[in-house]
Novice: 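What follows is a structure written as structure tokens; I'll ask about it next.
Labels below follow one simple rule: chain letters A, B, ... track the order of the sequence lines, proteins then strands, and each chain is numbered from 1.
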There are 2 protein chains.
Amino acid sequence: MKTPEELVARFREQGYKVTPQRQLIFRLLNGNTAHPTAETLYEVAAQQMPGISLRTVYQTLSELSAMGEVQHIDLGSGAVRFDPNVDDHHHVVCSTCGVVHDVYVNQTPLQFEGDVEGFAVHSTRIVFSGECAQCAHLSA
Amino acid sequence: MKTPEELVARFREQGYKVTPQRQLIFRLLNGNTAHPTAETLYEVAAQQMPGISLRTVYQTLSELSAMGEVQHIDLGSGAVRFDPNVDDHHHVVCSTCGVVHDVYVNQTPLQFEGDVEGFAVHSTRIVFSGECAQCAHLSA
DNA sequence: TGCTAATCAACAAGTCGTGCTAACTAACAG
DNA sequence: CTGTTAGTTAGCACGACTTGTTGATTAGCA
Ligand SMILES: [Mn+2]
Ligand SMILES: [Mn+2]
Ligand SMILES: [Zn+2]
Ligand SMILES: [Zn+2]
């Protein structure tokens, strides 16, 4: 993701107003590796800006997503997660605690076999599920 | 997935009754490569058995899932899809028409890098997104 | 300064899936 | 064959997540 300052510039280019709410969300996303949901991002935002609405958080995330500055990741377990890391990367997910971490796979593009003549692959998403070190430690 | 006859036996073993509804769903899933949702499976079922309820379709799919006879696939776009193919395989999804096909990747297990010391991978899910041959043909 | 987008609260709606109840049906054990 | 009880159904509600709407207020920016 771009820096908060760059995002401010991009929003102005697009004719979007640069509000304190949007700037706060830019800052909260900057370097954020937690893969937060809109809800969890809202909770943090509300501490620094009481009165900000969940609606606004959703809206700003949608705008950022439409601009390609964040990606949204649906792991099929509850709410969509937002990711300011838009590099070509993948994820490991702990089935126990739900933590999500970035991983990089360098064998891509992957080869596959199947009844898919002429299919043009645009993107590949890989999710590794398992148990993180902390959860393994606790359950031992 | 097991054959309808084998599923009948498994259900009896588990103490589940073998109803016409369940048997119909077994048959509809047998060899089904469409990755249907509960809803689409219900629509087909209702043609052969008017009066069957969506509730029953959901319930039977849950039972089959709990027994490991089907897997459910959440592609993050609408309803969960059910897959009677429980082999180790992956999926290509057409972004245009939504069709899902099975693919097999033989480079697994995949190597990855990241800040994930001690993470124990239990499963890997790969989704290739793009455009199928039919959609490419139509848009050309 | 003024236009207008943005925000907010409040409420509704949509989708997907499950929970619950009450009545009826039918599978299967004895 | 019969009785028990699981299964099914309709109907309604609810829950999670997300978006739509409306109307009033605020504030960004030209
Ligand atoms: Mn990520
Ligand atoms: Mn499949
Ligand atoms: Zn964990
Ligand atoms: Zn297609």
Novice: Can you see whether A/Asp102 engages A/His35 through a side-chain donor-acceptor pair at a distance of less than 3.5 angstrom?
Specialist: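 A pair is found: one side chain offers a donor N or O, the other an acceptor, under 3.5 Å apart.
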Novice: Looking at B/Asp87 and B/Gln71, what are the two nearest heavy atoms and their distance?
Specialist: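 In this case the closest contact between B/Asp87 and B/Gln71 is O-NE2, 4.1 Å.
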Novice: Taking B/Leu29 as the fixed residue, which of B/Leu41, B/Asp83, B/Asn85, B/Leu24 is the one that meets the side-chain contact (heavy atoms from CB on, under 4.5 Å) rule?
Specialist: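 Checked B/Leu41, B/Asp83, B/Asn85, B/Leu24 against B/Leu29; only one passes side-chain contact (heavy atoms from CB on, under 4.5 Å): B/Leu41.
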Novice: By the definition side-chain contact (heavy atoms from CB on, under 4.5 Å), identify the one residue from A/Glu6, A/Arg10, A/Glu5, A/Arg12 that meets it with A/Val8.
Specialist: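 Among A/Glu6, A/Arg10, A/Glu5, A/Arg12, the one meeting side-chain contact (heavy atoms from CB on, under 4.5 Å) with A/Val8 is A/Arg12.
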Novice: Treating primed atoms plus P, OP1 and OP2 as sugar-phosphate and everything else as base, which nucleotides of nucleotides 2-17 of chain D get B, S or - for protein heavy atoms under 4.0 Å?
Specialist: ---BBSSSS------S
Novice: Quick check: on DNA chain D, is the nucleotide nearest A/Val18 upstream (toward 5') of the one nearest A/Ser62, or the reverse? Name the residue that is more 5'.
Specialist: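 It is A/Ser62, whose closest nucleotide lies nearer the 5' terminus.
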Novice: Taking atom NE2 as the centre, does A/His72 end up with more than 12 heavy-atom neighbours from other residues, nucleotides or ligands that are less than 6.0 angstrom away?
Specialist: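 No, not enclosed.
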Novice: What residues form a side chain to side chain contact (heavy atoms under 4.5 Å, CB included) with B/Ser123, not counting sequence neighbours?
Specialist: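 Partners of B/Ser123 by the side chain to side chain contact (heavy atoms under 4.5 Å, CB included) criterion, ordered by chain and then number, come out as A/Ser129.
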Novice: Quick one: does any side-chain atom of A/Thr60 pair with a main-chain N or O of A/Val57 as donor and acceptor, under 3.5 Å?
Specialist: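 Not a single qualifying donor-acceptor pair exists.
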Novice: Side chains of B/Tyr16 and B/Arg22, heavy atoms from C-beta outward: is any pair under 4.5 Å?
Specialist: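 Side chain of B/Tyr16 against side chain of B/Arg22, heavy atoms only: contact under 4.5 Å found.
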Novice: Using chain A heavy atoms and a threshold of under 4.0 Å, write down where along DNA chain C the contacts begin and end, 5' to 3'.
Specialist: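 Listed 5' to 3', the contact boundaries are C/dT4 to C/dA9.
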